[in-house]
Amino acid sequence: MEANFTTLFAMHSAPKPHRNPSLSATPNPPKPIKIPTFPFPKRKAPSFIVHCTSLKPRPKHVAAETVKPVTAPPPSSSLSAQLERLAFFGKSREALELFEILQCGGGDEESLSSATYDALANACIGLRSPGAARSVFRHMVDTGFQFDQYARNRVLLMYLKCGLVSDARRLFEEMPERNAVSWNTMISGLLGERSFEEAFRLFLLMLEEIPEAVGSRSLVFGVQACTGLGSVFLGSQLHSAGFKLGLCDNIFVSSALIDMYSNCGCIDEARWVFDEMPEKNVVAWNTIVAGYALHGYSEDALGLYYEMQKSGVRTDQFTYSTVIRICARLGSLEHAKQAHAGMVRNGYGADLVANTALIDLYRKWGRMEDARNVFDRMPRRNLRSWNALIGGYGAHGMGEEAVALFDRLTEKKGLVPNQVTFLAVLNACSSSGLSGKGLEIFKSMAEDPRTKPRAMHFASMVDLLGREGRLDEALDLIKNAPFPPTENMWAALLTACRVNENLELGKFAAEKLFWMEPEKLSNYIVLLNIYNGSGRVSDAANVLEVMKRRGLRLLPACSWIEVKKQPHEFAFGDTSHPKSSEIYKKLGEVMEEIGTLGYAHGGGECFLPDVGVEEQRGSECHSEKLAIAFGLISTSSSSPLQVVQGHRVCDDCHGAIKMVTVVTKRAIVVRDASRFHHFRHGACSCGDYW
DNA sequence: CTAGGGTTAG
């Protein structure tokens with residue numbers, strides 16, 4: 001391990017973060033949950049730690065982590081003392097105003113005291129104001145302030161925190177001498193700018209120049225740089241070095257390592273570091289839970305969270321925002337509600353991030369009143385909070401509310417809508433038939449160079465026009481876009497053609513898609529449904545033939561429903577559930593009942609838009625129907641049903657469920673692969689377009 | 001003497 005880091009770094013070319021691909025795939029492929037319980041087996045140490053023998057452990061640092069009582073500067077009449085007090089109490093703006101007044105005298109001023117500059121630096125950092133930072137530094141230079149190492153480090157920090165990175169870099173280079181704090185400050189600043197490579201190089205330089213000063217703080221930065229670079233290769237070298245230097249029994253280093261490993265796709269190594277920690281604090285727990293979640297192991301992550309509670313560690317707002325996010329991905333409302341309750345109980349009910357995660361969660365469950373409640377109670381909101389709610393309204397066919405919220409947002413100063421906001425509101429307009437408003441917003445985007453519509457916005461407009469049957473306009477929009485058409489745009493057109501039964505254009509769009517994404521099954525199925533719907537049997541057979549030739553097969557469709565915290569899963573024609581006979585009996589009754597209301601089973605074959613053909617011979621016992629039948633017999637007659645599934649609903653089920661809400665007087669929410677269907681009083685929030 | 005450290009969202 002004496003091999004020096006510079007050569008190691010040189011060997012290492014263009015690192016790419018290795019992430020679990022399942023996270024970047026479709027937005028909500030939910031899964032049923034089985035929470036594991038954790039015995040904690042000892043894991044094998046990663047081999048690189050065993051191999052590394054040549055470094056000598058350094059004498060243990062005496063932990064100087066004692067917390068000193070901090071006292072405010074005493075009240076005094078002098079301007080600089082007042083300034084210090086203001087800065088101490090976080091009144092940065094006022095402190096800087098006093099500084100300006102102080103400068104008003106002009107001419108030959110004297111330097112302020114070190115403590116006053118300290119306070120000013122804090123004020124500048126608090127406001128992130130580059131202008132103020134520059135003028136404070138200028139004042140120091142102009143008045144002949146005698147810089148010591150401390151003051152130089154403070155200025156360096158001030159510049160970095162105010163975003164003056166290149167000035168800070170120059171300052172750092174020109175420093176007559178640099179101590180550990182100077183290096184750490186500079187490296188940390190570069191990390192904040194996401195200049196990971198430079199940060200890592202600087203860390204190596206520090207190791208060369210003052211190796212004795214590289215302590216656990218520096219190591220944390222080095223490891224963070226590796227996290228940013230996504231390089232487990234470099235990260236494990238640092239782990240190894242830190243291990244030999246005796247720096248790895250530090251909670252900060254351990255947490256940084258856990259984060260590094262999990263962000264580099266090595267969850268087992270992350271877990272090893274975690275298991276080895278003699279004392280695990282909140283951050284370590286939060287990091288490992290987030291790590292499992294990042295890798296898509298949501299159940300394990302939730303299981304670890306329960307383990308965390310058992311261990312007696314106090315959960316914090318980070319815990320809740322992570323756990324709520326996990327619950328949002330899982331098909332579990334009960335776990336989520338408990339997390340919500342715990343968050344409020346422990347005094348984090350006002351946390352911005354956790355509340356935003358809650359909005360997202362409730363919207364994924366179709367509980368828009370709950371989402372709105374959370375939003376209204378939030379003491380502070382950022383753009384993401386607004387986006388989450390606007391998007392939620394859109395996904396549930398509540399376009400009016402989405403637009404109202406969007407208008408409220410644009411009237412506010414301080415927050416400027418971004419790409420996500422626009423996409424959310426355009427989708428909302430489209431799904432609620434507010435085409436006028438949608439077109440208006442789309443036009444307004446194009447007028448402002450900062451919000452030039454992107455491909456996804458065009459796709460949304462294609463959807464909007466297609467919904468109204470304005471297929472020619474939709475096609476024109478695709479052709480006249482300022483960039484080549486994307487998959488999303490053609491897919492939106494294809495859906496429009498299916499609903500509007502436009503065979504020719506549908507075929508055209510489908511062929512574009514087959515060429516662009518030949519592996520994607522749902523495209524073929526949509527075309528198949530178009531052909532079947534218009535009785536073009538031979539064309540349908542052709543599509544099937546092509547699919548077979550390309551070796552396209554799919555997982556069987558399944559749906560699930562949560563009853564009393566237990567998920568119940570159903571596949572097509574499933575008879576494996578213990579209550580299977582009751583379920584089919586109920587299903588039969590309900591189908592008969594809605595039959596008397598005029599429901600007729602859709603005669604021809606109806607394919608689920610994204611499931612293999614051999615999986616479905618008829619839609620009478622599609623998994624969603626089974627899940628709903630089970631929900632009906634196992635919950636009280638007034639409670640709404642929540643069904644989750646990974647495939648899109650077929651026409652027949654969609655029609656049937658609408659009528660089921662009439663005869664049972666229940667609300668039913670189906671969260672499928674592409675959207676929500678909020679069935680109530682015989683209608684669906686999607687407006688029969690999906 | 002003071003300063004620099006780890007985790008979170010669409």
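In this structure, Leu361(A) places its CG atom 19 Å from P of dT8(B), rounding to the nearest Å. Here dG6(B) presents its C1' atom at 17 Å from CH2 of Trp285(A), a figure rounded to the nearest Å. Straight-line distance from the CG atom of Leu405(A) to the P atom of dG10(B): 17 Å, rounded to whole Å. The nearest whole Å value for the distance from the CG atom in Leu294(A) to the C1' atom in dA9(B) is 14 Å. In this structure, the NZ atom of Lys364(A) is 11 Å from the P atom of dA9(B), given to the nearest Å. What separates CG of Asn427(A) from C1' of dG10(B) is a distance of 13 Å, to the nearest Å. At whole-Å resolution of the value, CG in Leu415(A) and P in dG10(B) are 17 Å apart. Between the CZ atom of Phe274(A) and the P atom of dG6(B) there is a distance of 19 Å, given to the nearest Å.
A parallel orientation is assigned to the rings of Tyr297(A) and His295(A), their planes being inclined by less than 30° (bins at 30° and 60°).
Here Gln224(A) reaches the OP1 or OP2 of dG6(B): one of its side-chain N or O atoms lies under 4.0 Å away. Side-chain N/O atoms of Arg325(A) include one lying less than 4.0 angstrom from OP1 or OP2 on dA9(B).
For Asn286(A) against dG6(B), no side-chain N or O and base N or O form a donor-acceptor pair under 3.5 Å. Between the side chain of Ser216(A) and the base of dG5(B) there is at least one donor-acceptor pair of N/O atoms closer than 3.5 Å.
Judged by distance alone, the side chain of Ser321(A) and the main-chain N or O of Ala354(A) form no donor-acceptor pair under 3.5 Å.
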What side-chain donor-acceptor pairs closer than 3.5 Å can you find for residues 338-350 of chain A, not counting sequence neighbours?
residue: His340(A); atom: ND1; partner: Tyr362(A); partner atom: OH; Å: 2.8
residue: Asn346(A); atom: ND2; partner: Tyr320(A); partner atom: OH; Å: 2.7
residue: Asn346(A); atom: ND2; partner: Gly342(A); partner atom: O; Å: 3.0

Using residues 161-170 of chain A as the side-chain source, report each donor-acceptor pair under 3.5 Å to any protein atom, sequence neighbours left out, with the distance given to one decimal.
residue: Asp167(A); atom: OD1; partner: Arg134(A); partner atom: NH2; Å: 3.4
residue: Asp167(A); atom: OD2; partner: Arg134(A); partner atom: NH2; Å: 3.4
residue: Arg169(A); atom: NE; partner: Glu198(A); partner atom: OE2; Å: 2.8
residue: Arg169(A); atom: NH2; partner: Glu198(A); partner atom: OE1; Å: 3.1

Please tabulate, for side-chain N and O atoms in residues 390-398 of chain A, each donor-acceptor pair with protein atoms closer than 3.5 Å (sequence neighbours left out).
residue: Tyr393(A); atom: OH; partner: Arg372(A); partner atom: NH1; Å: 3.2
residue: His396(A); atom: ND1; partner: His678(A); partner atom: ND1; Å: 3.2
residue: His396(A); atom: NE2; partner: Arg363(A); partner atom: O; Å: 2.7

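Using a 4.0 Å cutoff on non-hydrogen atoms, the parts of residues 383-398 of chain A near DNA chain B are Arg384(A), Asn387(A), ordered by number.
For Asp316(A), counting side-chain heavy atoms from C-beta on, the closest listed nucleotide (dT7(B), dA3(B), dA9(B)) is dT7(B). Between dG10(B), dA9(B), dA3(B), one nucleotide has an atom nearer to the side chain of Asn418(A) than all others, and that is dG10(B). For Tyr150(A), counting side-chain heavy atoms from C-beta on, the closest listed nucleotide (dG6(B), dT2(B), dG10(B)) is dT2(B). Distances were taken from every side-chain heavy atom of Val283(A) (C-beta onward) to each of dG5(B), dG10(B), dG6(B); the shortest belongs to dG6(B).
The pair Lys364(A)-Asp360(A) meets the salt-bridge criterion, with a side-chain N (NZ, NE, NH1 or NH2) lying under 4.0 Å from an Asp/Glu carboxylate O.
Contact annotation for Asn122(A): no contact, since no heavy-atom pair falls under 4.0 Å across all strands. No engagement by Asp118(A) is indicated, since no non-hydrogen atom pair under 4.0 Å with the nucleic acid exists. Among the heavy atoms of the strands, none lies under 4.0 Å from Gln317(A). Residue contacts for Phe221(A): at a heavy-atom cut-off of 4.0 Å it reaches the sugar-phosphate backbone alone, with no base atom in range. Asn382(A) comes within 4.0 angstrom of a nucleotide base, judged by non-hydrogen atoms across all strands. Residue Asp351(A) is out of contact with every strand shown, counting any heavy-atom pair closer than 4.0 Å. Residue Val353(A) is in base contact, counting any heavy-atom pair closer than 4.0 Å across all strands shown. Within the nucleic acid shown, Asp360(A) comes within 4.0 Å of sugar-phosphate atoms alone, with no base atom in reach, counting heavy atoms only.
Among residues two or more places apart in sequence or in another chain, the side chain to side chain contact (heavy atoms under 4.5 Å, CB included) test is passed with Ala459(A) by Asn488(A), Met489(A). Partners of Asp118(A) under the side chain to side chain donor-acceptor pair (under 3.5 Å) rule, at least two apart in sequence or in another chain, are Tyr150(A), Arg154(A).
Stacking of Phe252(A) onto the six-membered ring of dG5(B) is present: less than 5.5 angstrom between centres, less than 30° between planes.
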Exercise. Kindly determine whether Leu120(A) and Leu112(A) satisfy side chain to side chain contact (heavy atoms under 4.5 Å, CB included), including the steps that lead there.
Key: CA-CA 10 Å; Leu120(A) 280 168; Leu112(A) 300 167; 4.0 Å; yes
